[in-house]
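Report on the following structure.
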Amino acid sequence: MRSAGRISSLRAMAVAAALLVPAPAAAAAEPEPAPAPAATEVTIAPVDLAGPAISTVKVTVKNAGPDRMRSLKVSFAGPVGWAVQPSVHSVDGTFAAGATAAAEFRIQVPEPRPGFTVRTFTATATYKGGDGAGTATATRSQRSGTPLADLADAYNNVGVTDESNTAPGNYDGGGNSFSAQKLADVGLTPGATVRALGAELTWPEAAAGTKGNVSSAGQAVTLSGRGSKLVLLGSGVGSGATGTATVYYKDGSTGTGSFGFPNWSFDPANAHGATLVASSDGRNRQSGYGNAGIAYRIFAHSIPLDATKEVDFVVLPGNGNIHVFDMAVAP
Amino acid sequence: MPEIPAVSRRLLLGGALATGALAAGVGSAQAASVTEAATAVDPAPRRRPGQKSMIDVAFEPCRTVRVGVIGLGNRGHGMSEGWSVVPGCTVTAVCDIRAERAKRTADRLVATGRPRPAEYGGSDESYARMLERDDIDLVYIATPWEFHYEQGRAALLAGKHVIVELPIATGLEELWDLVDTSERTRRHLILSENCSYGRNELAMLKMAHEGLFGDVTNGHGGYLHDLRALLFSDTYYTDAWRRLWHTRSTASFYAMHGLAPVAAAMDINRGDRMTVLRATATEPKGLADYRERFVPRSHPSWQETYINGDLVTCLIDTAKGRVIRAEHDVSSPRPYSRINSLAGSRGIFEDYAGTSTTGGRIYVEPDHSGHSWRDFDTYRKEFDHWLWKKIGDDAANNGGHGGMDYVLQWRTVQLMRAGLVPDIDVYDSAAWCAPVPLSVKSLAAGGRPVEVPDFTRGSWVNLRTGLDSRTSEMPPVA
């Protein structure tokens, strides 16, 4: 019986040796355009995600370079916090061009979570020889579940309250929130249209004192359309309200884009490249309306889209400091 | 034929804890030798020929789990009824050195509609006679701590599986002997660590495995329970056995209820292991102060001198660079807590915070920001362990300690009846109890680090499941 995590390289080496063909002499006749150099191929086999369990994962490394590969080490990691055994495999011996080596890892898989999840696994090979690059990496993402139907389904934060009842608000984690009255003064009423960065967005329909924005935590939200960019409406709390959103297209491909929002109050209005949309005067505190004279703001930012593809859904960044009120595709 | 050892009246001043007493009170020459030994490695004893690990060894399936109970004080009496209500479990024999207690428990079981168990009692050898029975599959031991090792070992040698109240033993050699005896007899010995089946604790474990805390870096647990009134009670702890431990040694006697869930969340013995322990102890003030204020001068406790520190803290390093803080304090005025906290690169959970219906609070990125705690409730609901979803109502109706006792008993019976691998094995049990003697060693050496034995003999590196188990059914009762 094979021990878990053993490198299975010998058979692959033998096959490669049998197919080995001497390279042509360097003095070839007419020079032709050099083909793109073949790169080392790292492949992660599908991971059984039916936890809680210990799953075995096979990682294969193919030497696609011209030289023998040696000093190969393969590392593997899953989502943060998932234990892996071992974290690195060292492979004895050398591998001819075209040969493959396989390493097995064991990973602790938790019970599947409800809703939409993306589990990402990474394998990295470091080596000498081969294609000469010294390192090659593969990433495997496995999805499960269905994205939320729309952004309203992801609302998880009370960011706007009426000045007559400020208690439900907690936009910033400190019990503070936008004043519904002061937002109305600048046109942000439930259902109002907001035009920014070429997109037509909608201020949330949610009533004051109810959940009406998304503190971004990797939620997957259905969104349709085709355009040049995805525009997000929101603002930040704390510091560093930045992150990367992933756009899934209906053809199965993905794209990513990074963006950020300034703090709702104290950052420069163009911090992280954002665009100011509206400023409301003061804010609601747990004790009532206050901080008059200080602006509390809403911004827009965008990430690029592939205009040739139809958007399927968007996975928001994993940064709770980012608050999103709406998002839309701009032509 | 199972081997039955002779019963001996050993222990009370034996083992590692006597070392602590010496170091704490007398004999500079002896204390010096203890200091020399404090940081020495305790090598794993060699396995005998044919002796094999009990890791991943399943119980042999059985239709009914027949339980014999040793020790029928407050804990044993109550748990006897608990065993009897688990589907497919019956209490076939009960034993206590005081025969009237065996009768009391037997009467109680009959009064609740259960078969009358055989009664054993009258001497300190009664349990050995009970172990000669061939209709016992599992022995549950709830005697005073000083008897756990001897009785647990005897039960293994008698061919029974054993579940022992905390601690399974108080000395390192005893812990190793229980590991070896389990391996030789091919019988499981399990620490009866009910808090490892606590609802918050299991949710915390599942959240750790999900990665919600990121890479787990530290955890805190303990047993902080103001037992002063019970310790000075003339009826609660028979012959004041628990109070007397505070006259013998300076040790973290009973931190397992908080240590074990944190260790489980760190996969101790399942990919990580505890490597080094260092202990501190405060002055022993609490019991003497309580006695001064509330206990009559005629009480026998006035002949006693308490030497155990009120708060004994163990800091434990793990092979993966994590740190566990385990606390023990039963002699100070304070609300109850097992601390039960886990933290990592992406967040933290703290129990006993009193901010929600679960008592827990949490802060994990990216779900949270703004430096303020959030209620644990929604996370407890999402990460609720299948055992609580399945039998939580039964646990609330049948079990003590918030239902944890029933979940422990139900799960133990299920594992045995279905022929599954135990959630808690002898290696976990030994590791979680090792801070008892190791704290003595460290304190005797002025708090110097002492090595924690690897009871798995190297198998700790292998990932394996444990308390975070897959849903499974209790076999139907015929």
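The model shown is predicted, which means the values in this text are computed figures rather than measured ones.
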ask   = NZ of B:Lys52: more than 12 outside heavy atoms within 6.0 angstrom?
value = no
Whatever's closer than 4.5 Å to a heavy atom in chain A on B:Phe213 counts as neither
Honestly, the part of A:Ser216 sitting under 4.5 Å from a heavy atom of chain B is backbone
For A:Lys73, I'd like to know if atom NZ has over 12 heavy atoms of other residues, nucleotides or ligands within 6.0 Å. no
Applied to residues 339-353 of chain B, the salt bridge (Lys or Arg N to Asp or Glu O under 4.0 Å) test, sequence neighbours excluded, yields B:Glu350-B:Arg361
For A:Ala217 and B:Asp367 the tightest heavy-atom approach is CB-OD1, 3.4 Å
Within residues 461-474 of chain B, the residues sitting under 4.5 Å from chain A by heavy atom, in sequence order, are B:Val461, B:Asn462, B:Leu463, B:Arg464, B:Thr465, B:Asp468, B:Ser469, B:Arg470
If one checks every heavy atom of A:Asn321 against chain B at 4.5 Å, the contacting part turns out to be both
Whatever's closer than 4.5 Å to a heavy atom in chain B on A:Ala241 counts as neither
Output for pair (A:Ile54 CD1, B:Arg270 CZ), nearest 0.5 Å, gives 9.5 Å
inquiry  = Counting neighbours of CG on A:Asn165 that are heavy atoms of other residues, nucleotides or ligands and sit closer than 6.0 Å, is the number greater than 12?
reply    = yes
Bottom line for A:Pro79: the part with an atom under 4.5 Å from chain B's heavy atoms is neither
* Without swapping roles, check the side chain of B:Ser372 against the backbone of A:Gly173 for a donor-acceptor pair under 3.5 Å. => yes
Practice item. Taking atom NZ of B:Lys320 as the centre, report whether more than 12 heavy atoms of other residues, nucleotides or ligands fall under 6.0 Å from it. Key: yes
Among B:His368, B:Lys206, B:Glu365, B:His209, the residue with the most heavy-atom pairs under 4.5 Å to chain A is B:His209
Against chain B, residues from residues 107-114 of chain A with at least one heavy atom under 4.5 Å, in numeric order, are A:Ile107, A:Gln108, A:Pro110, A:Glu111, A:Arg113, A:Pro114
Under a 4.5 Å heavy-atom criterion, the part of residues 151-159 of chain A in contact with chain B comprises none
Residue from A:Asn170, A:Val237, A:Asn319 scoring the most non-hydrogen pairs under 4.5 Å with chain B is A:Asn319
